[in-house]
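Worksheet: one structure, shown below.
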Amino acid sequence: MKLTQSVLDLNWEEVKVKITRFIRDYIEKARAKGIVLGLSGGVDSSTAAALSAIAIGGNKVLGLLLPEKETYNPKDMEHAKLAAEKFAIKTETIDITPAIEAFQKTIPLFDPDDNLCKGNLKARTRMLCLYYYANKLNFIVCGSSDKSETMIGYFTKWGDVAADIAPLMDLYKTQVRKLAMHIGVPEEIVNKPPSPALWPGQTAEEEIGIKYETLDLILCGLEHFMKTEEIAKQLGLQKELVEKVKRRWQTTEHKRRMPLTTKIQYRTVGFDFRIPHNQP
Amino acid sequence: MKQKFKVALAQVSCKRGDKKVNIRKIQEYTEKAKQQGAELVIFPELSLTGYTVRDELYELAEKVPGPSTATIEKIAQKHKVHLVFGMPELSEKTQATIYNTAVLIGPKGLIGKYRKMYLPTHSVFEEKRYFRPGYRVGAFETDLGKLGLIICYDTFFPEVSRLTRLEGAQLIVCPSASPAVRRTFFETLTVARAIENTAFLAYVNLVGIEDGLQFWGGSRLIGPNGKVITQAKYDEEDLALGEVNYADIRQVETFVPTLKDLRPDLFDYLKERAEKL
């Protein structure tokens, strides 16, 4: 397989149809009244929101804007509102700062200088809000995780990844951008640098240490069982860099699965209960 | 050919996906077994790679003979022993067709390989997803007599061990990777396979925890009368030695002559019925 950008090209109209059909079908089978999702103003959540609106109508989609003071960025808020307007989605804004501060006061071990722990707390607080709304309104939570971040484990366990459906999870970040353009997500959202907004100034590419254009091709190679030597050779990269990505993918499997148990009895959750999802 | 020799059941845990570490363990256990007088050292199923390696199998599989068997041949040569271990074997003719294989190596090099015929794909097992089944019986002439090879779930199908016996094997070697909930089955069936074939059977199971599956160990050497000659500990690494003396078979064969009483005429009927199940 030749690892060039064209290998990631898909028929975007077909992808749009598949995803919107999937969302509609899930909502019907779950007998849910709508979809709630977090709107950050980034390309993933804007695209997930847009696809939800195309699937079931914007009036049944609720976007929650969940800012907090440390990472507050008026541009992100503006972008989130722009996407919502474009696809006629209802929005609500909840400042999660008081909740974070309450955790700070409540948790004896809380370390305000530990960016990672505090950042994860923010992501999980956003999850709490989304699930409260879903519970209360009989909605489902739609996640925005893409395949690049999911594969390398660049997300908060039980935080931003927590959702009932994750319609973008089989598309790499650069593919989400192309799909976003195809369905009309505003260009300024599509082209801005992605950030999980867990602490001020955080950008995904800087933190991961690699551009998504390259990362996606490495991951695509790994997905197709290519050896690290071959991927490195084709992309003109150091083998160590490709191996680092591979390690990151393999060592984060625990973040992508239900909690591991040990088999004791006849059939076991996570092992050999094979019940279809979404039974009528 | 030797009539009497010691067999070592090398009940190890594996580092998943790390062939170097696992080969070191094969070396270490072989050395220990040799010091105690073993002439045949048996390791569990897929002991080169660990059992639950899933998609990594494609990268870990090797041809037989190949680099790993070459390294293990040197170990056998150095210690002048016979070794049996398990590994994912890449087919000679394709690039991603893999067998679940047991390899038999003697002091003079590679003797043979057996590709598992019955691949469990139920409960927690997904072997048919990754492996192609074998189609040939494993029975190989060695200085320790004719050795039969079967692997784990093959034990549930009496015809596999029966075929090795009909090929002339008097010792059936069975590397295994069985998780805890299946202990009773294996403890019963390994004894049955020995009795019904009037043969020795050496069962070597994995230990350790892989992806939440706890492999129970309990490796055992069983005599042709069904008596457990030696048994390794449950749930922890162990090296258990026992003696095979082919002369013992005669007495059992006269007492319960299962091979004399075998009825080939039933097998056509069996085949017919099995096809119509």
Side-chain angles (χ1 to χ4, degrees), chain A residues 1-3 147-148 150-153 157 169-170 172 218-235 237 239-276, chain B residues 13 15-20 49-63 67 88 90-91 94-98 120-131 153 177-186 205-217 234-236:
Chain A
M1 193 172 83
K2 267 258 168 283
L3 284 179
K147 188 167 183 171
S148 315
T150 306
M151 273 182 81
I152 60 166
K157 199 171 180 174
M169 207 175 259
D170 202 26
Y172 293 109
I218 297 174
L219 293 174
C220 182
L222 292 172
E223 179 192 340
H224 287 83
F225 295 104
M226 283 174 72
K227 297 197 167 162
T228 47
E229 296 85 354
E230 174 63 14
I231 297 171
K233 196 174 145 201
Q234 279 206 33
L235 299 177
L237 299 168
K239 195 178 146 214
E240 290 69 33
L241 178 69
V242 181
E243 274 171 354
K244 196 176 133 192
V245 172
K246 186 180 179 186
R247 256 198 316 281
R248 198 159 168 172
W249 166 45
Q250 289 182 327
T251 55
T252 52
E253 181 64 8
H254 69 98
K255 297 177 87 171
R256 290 179 290 266
R257 286 215 225 165
M258 282 291 280
L260 191 62
T261 184
T262 189
K263 188 162 184 65
I264 294 170
Q265 302 208 65
Y266 187 64
R267 287 205 289 169
T268 310
V269 177
F271 284 87
D272 44 5
F273 272 121
R274 296 171 67 84
I275 298 163
Chain B
S13 65
K15 185 163 181 199
R16 271 190 295 168
D18 197 332
K19 291 190 264 193
K20 266 191 192 160
T49 55
Y51 181 74
T52 322
V53 284
R54 311 191 89 180
D55 284 358
E56 285 177 55
L57 275 169
Y58 296 108
E59 199 159 332
L60 294 166
E62 284 181 28
K63 289 179 182 166
L90 187 63
S91 143
T94 67
Q95 294 185 35
T97 299
I98 306 171
T121 308
H122 54 263
S123 179
V124 299
F125 306 102
E126 45 190 25
E127 291 193 26
K128 268 189 203 144
R129 184 185 174 93
Y130 294 107
F131 300 116
Y153 189 47
S178 165
V181 287
R182 284 163 191 262
R183 198 171 103 187
T184 322
F185 295 128
F186 277 94
N205 192 17
L206 191 66
V207 281
I209 303 177
E210 295 185 8
D211 260 29
L213 293 179
Q214 303 197 18
F215 297 94
W216 52 275
Y234 290 126
D235 303 315
E236 45 185 296

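Throughout, protein chains are lettered first and strands after them, A, B, ... in sequence-line order, and every chain is numbered starting at 1. Scope of the values below: all heavy atoms of this structure, side chains included, with no hydrogens, waters or symmetry mates. As the structure is a computational prediction, the values presented were derived from the model and not from experiment.
Contact annotation for Val181(B): only side-chain heavy atoms (C-beta onward) come within less than 4.5 Å of a heavy atom of chain A.
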Table up the donor-acceptor pairs between chain A and chain B that sit under 3.5 Å, atom names plus distance.
| from | atom 1 | to | atom 2 | distance (Å) |
| --- | --- | --- | --- | --- |
| Lys246(A) | NZ | Glu59(B) | OE1 | 2.9 |
| Lys246(A) | NZ | Glu59(B) | OE2 | 3.3 |
| Arg257(A) | NH2 | Asp211(B) | OD2 | 3.1 |
| Thr262(A) | OG1 | Gly212(B) | O | 2.7 |
| Thr262(A) | OG1 | Gln214(B) | NE2 | 2.9 |
| Lys263(A) | N | Gly212(B) | O | 3.1 |
| Asp272(A) | OD2 | Ser123(B) | OG | 2.9 |

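Annotation for Phe225(A): atom CZ counts as buried by contact number, over 12 foreign heavy atoms lying within 6.0 Å.
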